[in-house]
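Here is how names work: the chains are called A, B, and so on, in the same order as the sequence lines, proteins then strands, and each is numbered from 1.
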Number of protein chains: 2
Amino acid sequence: MVGRPGAASAPVTAGTSGVVGANLPALRSHNMALVLDLLRTAGSEGISRLELAERTGLTPQAVSKITARLRADGLAAEAGRRASTGGKPRTVLRLVPEAGHAVGLHLDRDELRAVLVDLTGAVVAEERTSLDLGAGPDAVVAAVAREAGALTGRVAPHCGVPHGWAPGGRGTDALLGIGVALPGPLDHTRGVLHRVTGFPEWDGFPLRDALARRLGVPVVVDKDTNAAALGLAVDGAGGSFAYLYLGTGLGAGLVIGGTVHRGARTGAGEFGHQVVQLDGPPCGCGNRGCVEALCLAAVARGEVDEAARVLGTAAGNLVALLDIDLVLLGGRTVTAAPDAFVSGVAAVLDERARRVGQAAVPVRVASGGVAEGAAQLVLAPLFGRADG
Amino acid sequence: MVGRPGAASAPVTAGTSGVVGANLPALRSHNMALVLDLLRTAGSEGISRLELAERTGLTPQAVSKITARLRADGLAAEAGRRASTGGKPRTVLRLVPEAGHAVGLHLDRDELRAVLVDLTGAVVAEERTSLDLGAGPDAVVAAVAREAGALTGRVAPHCGVPHGWAPGGRGTDALLGIGVALPGPLDHTRGVLHRVTGFPEWDGFPLRDALARRLGVPVVVDKDTNAAALGLAVDGAGGSFAYLYLGTGLGAGLVIGGTVHRGARTGAGEFGHQVVQLDGPPCGCGNRGCVEALCLAAVARGEVDEAARVLGTAAGNLVALLDIDLVLLGGRTVTAAPDAFVSGVAAVLDERARRVGQAAVPVRVASGGVAEGAAQLVLAPLFGRADG
DNA sequence: GCACTTTGGCAACAGCGTTGCGAAAGTGGG
DNA sequence: CCCACTTTCGCAACGCTGTTGCCAAAGTGC
């Protein structure tokens with residue numbers, strides 16, 4: 001059960017600017033999220049109270065109080081103890097995975113993948129079916145609701161019910177919500193699709209509200225690349241990184257300071273149509289010399305090395321512009337020839353870093369599904385990773 | 001006097017991750033900064049307590065308490081009242097400009113400009129001399145100290161002295177610190193220069209500490225583009241924007257969510273060497289097809305429209321990648337033909353926005369000096385605009 | 001001139017992290 | 001085996017935060 005007990009009287013009337021005043025519940029919520037995030041990062045290994053205190057900058061006593069509340073709420077539990085260093089051994093704390101669940105959905109062009117994950121992000125159950133976006137919003141919403149329902153049948157259907165503070169309230173674990181990841185331009189703040197290529201009946205469809213009304217749980221909608229990047233951010237890739245996705249198209253998810261950067265209109269990460277060749281060959285978007293067009297054309301010609309070089313050039317632009325720490329590559333096309341792409345992109349980045357006398361930015365293949373990341377859209381606020 | 005009374009017991013031992021736990025002093029500090037920022041934005045027009053409450057999301061009573069402390073500290077003052085709307089008229093509050101000062105320095109290639117600004121950012125005094133970076137660190141530090149000293153002679157030499165809470169403590173206004181802006185790669189967190197083109201004796205020079213030791217006040221060092229962008233962010237340009245500087249070189253300052261994005265190594269905003277023409281003409285950096293090379297070459301040929309088109313293409317990449325709200329242009333080359341650059345860049349952005357069916361991103365000429373922005377480096381933390 | 005509205009301060013309050021202190025639970029030397 | 005020491009961690013009192021209830025102040029409008 002996760003009732004977010006302290007969030008009750010948080011200021012809801014936000015100001016016109018993004019920054020908002022903080023009060024005691026907000027303070028409590030912030031610190032709780034911080035501790036939960038560290039517990040999550042520690043994983044099954046766990047983490048001691050004093051370590052939490054060091055990492056957060058809070059007093060050991062404050063950590064004791066916070067973890068006591070988390071234990072009373074069933075979110076955390078003691079899990080053995082460390083070896084003594086001459087005194088009382090540290091008690092290890094651990095996140096209770098079953099304390100909450102979330103559903104993540106990946107709506108791809110022809111396929112729907114749904115996962116049920118626990119608080120730690122581990123996949124508990126999984127569904128997979130074909131999907132036809134052309135069947136229109138109603139049919140797709142029905143299909144999505146069916147898959148989600150099949151997964152959520154095993155956890156409490158209701159959520160958001162504030163269980164209060166009662167100790168021992170480790171009753172039913174709740175479904176925190178459903179995260180939906182799909183391609184194409186959309187508005188993540190309102191959960192409204194802008195356009196779905198080839199299917200005008202989707203224009204402006206309020207997917208979030210339609211699903212939330214039908215399923216009775218909170219729904220979060222985001223671009224597939226953002227969801228994937230969020231999933232990678234949770235899986236240890238700290239700091240700032242760019243996730244470059246090369247499949248049928250080319251896109252990017254940007255993580256800056258541990259949170260996904262989406263921009264005001266969820267437009268951030270528009271990487272495929274970065275122009276890297278002035279007056280180059282025309283692209284389907286109407287522009288000329290876009291990375292996507294150049295890169296995919298090279299792949300079609302079988303010149304993977306050239307594709308990697310083009311991708312590396314655009315990645316170099318991104319790395320230089322944002323001072324990114326890490327580049328992660330994903331997508332079907334990359335998976336088909338991972339070594340060629342990694343070494344090809346890395347070669348361009350290394351050369352560029354060498355010229356300015358800086359350390360090269362590492363390039364790796366990303367591992368992690370989009371649906372898993374979509375589930376993290378729901379879990380992120382609980383761990384203080386909401387927006388950026 | 002600005003003693004940051006609440007900052008005394010803030011957690012100093014930050015964790016390894018960037019996010020840190022919050023306690024009551026931090027809460028107080030945050031809300032105080034929020035109110036101060038709104039007071040600053042309101043300018044001479046002022047703002048009422050209830051308006052502050054609406055904008056911050058805080059209770060009117062909390063705002064009353066916070067503003068009472070600010071008034072006791074001499075940071076804010078009552079300034080008349082609004083027209084009544086049927087009841088007691090609202091009292092207007094205003095930032096007291098003389099409550100604190102900051103010095104901003106712009107070290108350009110051949111010139112040093114120094115300004116003394118008050119809390120609102122208004123320039124109180126100004127100095128200007130020629131500068132020779134080739135004379136070496138010691139000579140330059142001495143020159144900088146001389147100019148800074150000439151400006152700071154009129155305010156209290158000591159700062160950071162916590163005056164405590166004594167009501168009526170509106171004694172001497174203090175010098176909060178010195179902000180230094182200069183070109184070239186550097187580390188803003190440690191205030192160390194990496195390289196100054198053509199002068200190897202500057203390599204790794206700890207400019208911040210050298211100046212701080214000599215002058216006895218806090219010093220902040222940052223790239224000129226970042227300082228300029230910060231100054232523009234304070235001057236009303238809210239949200240997220242990119243400041244593109246085209247002078248002897250081409251650089252950018254990125255403001256995302258009201259704060260300057262610098263990246264982990266202060267490398268962010270490296271805009272001049274974005275590659276927009278694969279295998280294009282060689283650039284001084286060793287790469288090929290950099291915007292800076294293409295753009296400046298066009299300017300040298302007298303083809304301002306072509307230069308604007310090239311700049312617009314790179315700006316379009318940036319806008320798409322980050323979902324930026326606004327593009328501001330500055331620098332000598334732009335000032336020489338402002339209309340041509342603004343319309344040329346806007347044309348590219350408009351065309352690109354039209355294709356994806358979004359509203360075009362506005363393009364404007366930036367107004368504001370680098371030295372003024374450098375002074376804001378010092379003031380930013382007071383108004384909650386530290387880092388991003 | 002009185003009723004009403006709106007502003008904003010005083011006082012009591014709940015809740016946050018902090019400090020002081022002591023119990024619990026180990027290690028290690030005699 | 002026992003005792004001194006170290007280290008962990010909870011209980012209790014505390015200071016300070018924003019919040020709530022209430023009332024004085026200062027206007028408008030009939």
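- Contact annotation: B/S64 side-chain N/O to C/dG9 OP1/OP2 distance is under 4.0 Å.
- Nearest nucleotide to the side chain of B/Q61, out of C/dT18, C/dG9, C/dG26: C/dG9.
- Remark: C1' of D/dT20 and CG of A/L24 are 13 Å apart, rounded to the nearest angstrom.
- Of the candidate nucleotides D/dG27, C/dA25, C/dT19, C/dT19 has the atom nearest to the side chain of A/T59.
- OP1 or OP2 of D/dG27 sits under 4.0 Å from a side-chain N or O of B/R81.
- Note: CD1 (B/I66) to P (D/dC16) measures 16 Å, nearest angstrom.
- A/E78 places its CD atom 10 Å from the C1' atom of D/dC9, with the value rounded to the nearest Å.
- Residue-level contact check: B/R82 touches neither bases nor backbone, having no heavy atom under 4.0 Å from any strand.
- D/dT19 atom C1' lies 13 Å from atom CG of B/N31, rounded to whole Å.
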Shorter than 3.5 Å, N or O on both sides, protein versus nucleotides 5-7 of chain C: list them out with atom names.
unit_1, atom_1, unit_2, atom_2, d
C/dT5, O2, B/G86, O, 3.2
C/dT6, O2, B/K88, N, 3.0
C/dT7, OP1, B/R90, NE, 2.5
C/dT7, OP1, B/R90, NH2, 2.9
C/dT7, O4', B/K88, O, 3.4

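- With contacts defined as side-chain heavy-atom distances shorter than 4.5 Å, the pair A/L39/A/L70 qualifies.
- Of the possible donor and acceptor atoms, one in the side chain of B/S240 sits under 3.5 Å from a partner among the backbone N and O of B/G257.
- In this structure a side-chain-to-backbone donor-acceptor pair under 3.5 Å is missing from B/D187 to B/R265.
- Within the structure, a side-chain polar atom (N or O) of A/R71 is placed less than 4.0 Å from OP1 or OP2 of D/dG10.
- A/N23 has its CG atom 17 Å from the P atom of C/dA14, to the nearest Å.
- Going from atom CG of A/L58 over to atom C1' of D/dG10 covers 17 Å, rounded to whole Å.
- Residue-environment remark: CZ (A/R190) stays at or below the threshold of 12 foreign heavy atoms within 6.0 Å.
- Rounded to an integer number of Å, the gap from B/L27 CG to C/dA14 P is 19 Å.
- Between A/R69 and C/dG15 there is no side-chain polar atom (N or O) within less than 4.0 angstrom of OP1 or OP2.
- Between atom CD of residue A/Q61 and atom CZ of residue A/R49 there is a gap of 10.5 Å, rounded to the nearest 0.5 Å.
- The shortest side-chain heavy-atom distance between A/L230 and A/N226 does not fall under the 4.5 Å cut-off.
- Spacing between atom NZ of A/K65 and atom P of C/dA14 amounts to 16 Å, rounded to whole angstrom units.
- Under the 4.5 Å side-chain criterion, counting only non-hydrogen atoms from C-beta, B/R81 is not in contact with B/V92.
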